[in-house]
Amino acid sequence: MPAAEQWESYFDAAGILESLGCRHWSGDAVEFGCGYGTFTIPAAQRILGTVYALDIDPLMVAATAARVSQAGLRNVIVEKRDFVMEGCGREPQSASLALLFNILHIEGPVALLKETHRVLRPGGLAGVIHWNYDVRTPRGPPLNIRPRPEQCRAWAEEAGLIWVQDAGLTGAPWHWGMVLKRL
Ligand SMILES: C[S@@+](CC[C@H](N)C(=O)[O-])C[C@H]1O[C@@H](n2cnc3c(N)ncnc32)[C@H](O)[C@@H]1O
């Protein structure tokens, strides 16, 4: 990850959340890989329940926790956790929203999507974004591991999730977005 300021110059996090339908959201959310808290803060400001912001990297956990505190938000729990090895730690069907932002290039994306399916309540949604499959993007994982939307959709369906729509993202020239659902 580049420095937070640089990372966050590539997209408008609030615009992305709104494009994915995340506004006045009821219920809890699980954020898989919160990084600097780029999406955690605007998500928590749009969600009535609690945002469980998870990351394996203690520096990212500390950065997100500091921002949560600075923003005076009381509906965020930031946790250092390896969700690949340990799962997200939430009860089955306990979340109404999952955030999978710039994360599906990891090894074992289907397992992560199965964990997403497990934690979502019926009717719950997952928002996915990732860097465009394009060498001209200013950042992003190497193209050989960078997933395209159609690949993510196929993985999601293998995990039992339903594709709802591809979403045009406001303020995100380098990213694509997708909404998935648990039936
Ligand atoms: C590319 S960053 C994206 C951060 C954030 N979602 C965003 O878009 O701004 C991916 C984040 O996922 C975290 N991560 C990767 N694998 C993980 C795992 N197995 N468990 C928890 N966090 C993980 C990394 O530490 C990193 O902070």
Side-chain angles (χ1 to χ4, degrees), residues 1-20 22 29-47 51-68 70-71 73 76-90 95 97-119 125-134 137-149 152 155-156 159 167 169-180:
M1 292 274 279
E5 195 178 324
Q6 190 183 352
W7 177 251
E8 291 168 7
S9 72
Y10 298 131
F11 45 76
D12 168 19
I16 288 175
L17 287 165
E18 299 254 334
S19 303
L20 293 168
C22 177
V30 178
E31 184 182 16
F32 290 93
C34 60
Y36 295 113
T38 305
F39 294 94
T40 314
I41 306 305
Q45 289 165 339
R46 287 164 175 74
I47 284 173
V51 178
Y52 293 90
L54 313 176
D55 208 289
I56 195 172
D57 183 338
L59 293 177
M60 297 297 168
V61 170
T64 299
R67 278 179 141 180
V68 167
Q70 200 172 19
L73 290 164
V76 183
I77 293 182
V78 190
E79 186 182 343
K80 181 185 169 308
R81 190 176 188 91
D82 181 343
F83 47 69
V84 170
M85 298 302 290
E86 308 170 80
C88 71
R90 307 302 311 151
L97 183 66
L99 305 181
L100 295 160
F101 291 174
N102 300 306
I103 193 69
L104 283 181
H105 57 284
I106 61 164
E107 259 183 61
V110 176
L112 177 53
L113 287 157
K114 283 183 179 168
E115 175 64 0
T116 301
H117 180 275
R118 185 193 70 80
V119 78
L125 298 182
V128 177
I129 71 160
H130 220 310
W131 292 91
N132 292 339
Y133 191 88
D134 185 336
T137 54
R139 300 292 304 194
L143 286 188
N144 65 324
I145 60 162
R146 195 182 302 193
R148 301 170 193 253
C152 291
W155 287 333
L169 300 176
T170 301
W174 308 110
H175 281 77
W176 55 265
M178 178 183 295
V179 180
L180 306 167

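Numbering of ligands and ligand atoms starts at 1, following listing order.
- Across all non-hydrogen atoms, the minimal contact from P173 to N132 is O-ND2, 3.5 Å.
- Side-chain atoms of R146 come within 3.5 Å of backbone atoms of P141 as a donor-acceptor pair (strictly under, hydrogens ignored).
- By the 30° and 60° cut-offs, the orientation of the rings of F32 relative to F83 is perpendicular.
- A donor-acceptor contact closer than 3.5 angstrom links the side chains of Y52 and R90.
- Among protein heavy atoms, atom 22 (N) of ligand 1 sits closest to I56 N, 3.0 Å.
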Review item, side-chain donor-acceptor pairs of residues 58-66, under 3.5 Å, at least two apart:
from: T64; atom 1: OG1; to: G35; atom 2: O; distance (Å): 2.8
from: T64; atom 1: OG1; to: G37; atom 2: N; distance (Å): 3.0
from: T64; atom 1: OG1; to: M60; atom 2: O; distance (Å): 3.0

Test side-chain contact (heavy atoms from CB on, under 4.5 Å) on L113 and L100 and set out the steps.
CA-CA 9 Å; L113 287 157; L100 295 160; 3.7 Å; yes
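- Across all their heavy atoms, I41 and A71 have their closest contact at CG2-CB, 4.2 Å.
- Here is the list of ligand 1 atoms found below 4.0 Å of a heavy atom in F39: 7 (C), 8 (O), 9 (O).
- Remark: minimum distance from atom 27 (O) of ligand 1 to any protein heavy atom is reached at D55 OD2, 2.7 Å.
- Counting protein heavy atoms only, atom 8 (O) of ligand 1 is closest to N102 ND2, 2.8 Å.
- Each of the atoms 25 (O) of ligand 1 lies under 4.0 Å from some heavy atom of D57.
- Remark: minimum distance from atom 17 (C) of ligand 1 to any protein heavy atom is reached at F83 CZ, 3.6 Å.
- For ligand 1, the polar-atom distance check against F101 finds a nitrogen or oxygen pair separated by under 3.5 Å.
- In terms of protein heavy-atom proximity, atom 4 (C) of ligand 1 is closest to G33 O, 3.4 Å.
- Listed for the S19 side chain is a donor-acceptor partner under 3.5 Å among the backbone atoms of T170.
- Annotation: atom 9 (O) of ligand 1 to nearest protein heavy atom, W7 NE1, 2.8 Å.
- Protein heavy atom in closest approach to atom 12 (O) of ligand 1: I103 CD1, 3.3 Å.
- For ligand 1, the atoms sitting less than 4.0 Å from at least one non-hydrogen atom of G35 are 4 (C), 27 (O), numbered in the order shown with element in parentheses.
- The closest protein non-hydrogen atom to atom 2 (S) of ligand 1 is M1 SD, 3.3 Å.
- Listed by number with element, the atoms of ligand 1 under 4.0 angstrom from any heavy atom of V84 are 19 (N).
- Here the closest heavy-atom approach between residue C34 and residue D55 is recorded as N-OD2, 3.2 Å.
- In terms of N/O distances under 3.5 Å, ligand 1 is not approached by E31.
- Annotation for ligand 1: atoms under 4.0 Å from non-hydrogen atoms of R81 are 20 (N), 21 (C).
- Residue contacts with ligand 1 do not include F32, since none of its heavy atoms lies under 4.0 Å from the ligand.
- Close approach of ligand 1 to M60 is summarised as follows: ligand atoms under 4.0 Å from at least one heavy atom of the residue are 27 (O).
- The shortest heavy-atom contact between C88 and V30 is CB-CG1, 4.0 Å.
- Here's the thing with D82: one of its N/O atoms is less than 3.5 angstrom from an N/O atom of ligand 1.
- Between E115 and R81 there is no salt bridge, since no side-chain nitrogen of the basic residue lies less than 4.0 Å from a carboxylate oxygen of the acidic one.
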